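Below is one structure, written out as structure tokens, with a few remarks after it.
FYI, the numbering just counts along the sequence from 1. Ligands are counted one by one from 1 in listed order, and the atoms in each one are counted from 1 as well. Since we're looking at a predicted model, the values are computed, not measured.
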Amino acid sequence: MVSASEPDRCSPTSRTPRRLSSSRRSQSQSSSSWYPRKRTKLLLALIAFLAFVFFLNWFMLLRLQHQHDAPDPIPKPTLRSSSVSLSLQGKWNKPANKKKSQKGNYARMLALAAHALAENKREPKDLWQEPFVPASSWRPCADQRNWEPNEGGNGYILVTANGGINQQRVAVCNAVVVARLLNSTLVIPKFMYSSVWRDVSQFSDIYQEEHFINYLTPDIRIVRQLPKELQSLDLEAIGSVVTDVDMEKEAKPSFYLKHILPIILKNQVVHFVGFGNRLAFDPIAFELQRFRCRCNFHALQFVPRIQETGALLLKRLREHSGLIGPLDRYLVGPFAESMKEKSESNAKKASKYLALHLRFEIDMVAHSLCEFGGGEEERKELEAYREIHFPALSLLKRTTKLPSPSELRSEGLCPLTPEESILMLAALGFNRKTHIYVAGSNLYGGGSRLVALTNLYPKLVTKENLLSSSELEPFANYSSQLAALDFIGCTASDAFAMTDSGSQLSSLVSGYRIYYGGGRMPTIRPNKRRLASIFMKNSTIEWRVFEQRVRKAVRQTKHVQTRPKARSVYRYPRCKECMCRTD
Ligand SMILES: *[C@@H]1O[C@H](CO)[C@@H](O)[C@H](O)[C@H]1NC(C)=O
Ligand SMILES: *[C@@H]1O[C@H](CO)[C@@H](O)[C@H](O)[C@H]1NC(C)=O
Ligand SMILES: *[C@@H]1O[C@H](CO)[C@@H](O)[C@H](O)[C@H]1NC(C)=O
């Protein structure tokens, strides 16, 4: 994300090394705790599992990219501040700059777009709107409870969540539900430190701990720490550590009752390490599902220092118009009031803005296995990055026949490049004066790519433009906190465009906009497969045709739908558990 959060689709593959290495441990651990006498069987199962993991990696790579809620377990860095990014990524960015800005960037199309924008045509009527009637017939109602508080008598659940801030958010809300399911007490979740993103932020650096505990007290018992007598236990030795290898993705509640509950009953504590997407979305009891939404939409509020800076960001994005958007109070709390400051001259000019999440950081680019027009140099650079950060993927690429970059592209599995994203916006009809907030500004290929975009849209900004370096400094070394600012900037926007459906930030942001947006907070979700076929014609297509085809491809994703089965409630909260219909 712009956030540090999501390694989005990167996850499965990237996780592999850890899985493999930890599998030995988990074997002994599980044989002692779960199936004491079935060693051989377990071993066979393990071998089958490893084979499966390999296959899965490949398969998931395809699926995830395509799909919506990729869970992503790896910390994705998205949002580093510019100073951090220089130190982390500078060496990756520099060499390729020149080539890329000449080759992969659709010079012809961009020129056509510039021409079209210069005509300053009227924007299409529905550009800033959702289909209001169907969208507004859903109201938030996950705050309604229909159960008694739980004593949490069955031991303690510890969670150390991996990934970036957005994955961690999902892990927290899944953990809350597991605590209720098992009648256990939840210890405030920990966030795993990632050597890549180097963010040491813990729960209370990002979220209001007090609010979290108080708000959920009618549901579960939450404590800040394990009781003293349990703190000295060697959890690993007693078989209380459960990693992502020990559990399938999206495990059902029955799995927890069968395999996790006995551990808690025996040892009084279980520690989930990783915990990316380990709880299924279906089937799950109605009240538990609602609880999950309650956690995501009501219990997690950013700490005041993030809210305050977030409010400043929004105020500047709206050019001090004094407006408070429909979601602002949920995002920045009491600081929303500070936006009201009057400056008469501007007060009339309602300043709308579009947020664009450009998920085009090097991790995403490298992980996609796609090519982006940078030739040999780009190939080498991305391969080198993969070897360091995604060794399993790199290995897989050498040893297996994976789909070619052009196959991946035509299947819609490549993230949109900055140029493709901006061409899409121009084709949709956003005029040249549109205020655009770009989240995830740490672009692969360097800042020069942003300049190309600014040529078309001069009012394009990032948080680095809007906030002074002294305002950003307190967040500078904390990619998750920077990601939180982007989360605020994107969620509050009048229109939000995502460029990669596998991104956890985009997914959570669009869910938030549905939940609290009252049918007035449109999200643009490109169908990348269709866009890919349109972009293939880049050297001949006429602008008018391009425009028509892009509009058609995007319009189709705009309809109001209820949550498809097994899909994330965080992303698709329009379901009876989370939202109630008014019609
Ligand atoms: C949790 O508590 C409820 C209510 O007391 C009980 O019905 C349920 O069986 C308990 N579940 C577990 C896993 O202990
Ligand atoms: C960020 O981290 C770097 C390296 O650890 C350090 O030199 C710098 O002072 C830190 N900046 C802030 C604002 O804490
Ligand atoms: C742009 O058009 C050329 C020529 O048709 C094609 O080979 C190329 O793949 C296109 N680029 C993309 C990214 O689709």
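For the pair Asn150 and ligand 1, the shortest N or O to N or O distance does not fall below 3.5 Å. Looking at Asn538 next to ligand 3, an N or O pair under 3.5 Å apart turns up. Taking any N or O of Lys537, backbone or side chain, none lies under 3.5 Å from an N or O belonging to ligand 3. Residue Ala532 places no N or O, backbone or side chain, under 3.5 Å from any N or O of ligand 3.
Scanning the protein for heavy atoms near atom 9 (O) of ligand 3, the closest one is Met536 SD, 3.6 Å. At the shortest separation from atom 10 (C) of ligand 1 among protein heavy atoms lies Asn183 ND2, 2.4 Å. Scanning the protein for heavy atoms near atom 4 (C) of ligand 3, the closest one is Ser539 OG, 3.2 Å.
Of all atoms in ligand 1, listed by their number and element, those nearer than 4.0 Å to a heavy atom of Leu261 are 13 (C). Near Tyr106, meaning under 4.0 Å from any of its heavy atoms, are these atoms of ligand 3: 12 (C), 13 (C), 14 (O). Close approach of ligand 1 to Asn154 is summarised as follows: ligand atoms under 4.0 Å from at least one heavy atom of the residue are 12 (C), 14 (O). Residue Phe535 has at least one heavy-atom neighbour below 4.0 Å for each of these atoms of ligand 3: 1 (C), 10 (C), 12 (C), 14 (O).
With Asn154 contributing its side chain and Leu182 its backbone, the two residues share a donor-acceptor pair below 3.5 Å.
Atom CZ of residue Arg278 and atom OG1 of residue Thr243 lie 8.5 Å apart, to the nearest 0.5 angstrom. Within the model, atoms CG of Leu413 and CD of Glu407 stand 10.5 Å from one another, a figure rounded to the nearest 0.5 Å. A distance of 12.0 Å separates CG of Asn431 from NZ of Lys121, quoted to the nearest 0.5 Å.
Aromatic ring centroids of Phe546 and Phe535 lie under 6.0 Å apart. In summary, the aromatic rings of Phe372 and Tyr444 are positioned with their centroids too far apart to meet the 6.0 Å limit. For Phe286 and Phe291, the ring centers sit 6.0 Å or farther from each other.
The backbone of Leu181, and not its side chain, has at least one atom closer than 4.0 Å to an atom of ligand 1 (non-hydrogen atoms only; backbone = N, CA, C, O).
Lys528 and Glu411 are not joined by a salt bridge, as no carboxylate oxygen comes within less than 4.0 angstrom of a charged side-chain nitrogen.
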I would like to know whether Arg221 and Glu151 meet salt bridge (Lys or Arg N to Asp or Glu O under 4.0 Å); could you show each step before the answer? CA-CA 6 Å; Arg221 181 167 170 253; Glu151 305 290 305; over 6 Å; no

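Ring geometry for His357 versus Phe496: interplanar angle under 30°, hence parallel rather than tilted (30 to 60°).
There is a protein heavy atom closer than 4.0 angstrom to atom 14 (O) of ligand 3. Using a 4.0 Å threshold on non-hydrogen atoms, atom 2 (O) of ligand 1 counts as touching the protein. There is no protein heavy atom less than 4.0 angstrom from atom 7 (O) of ligand 1.
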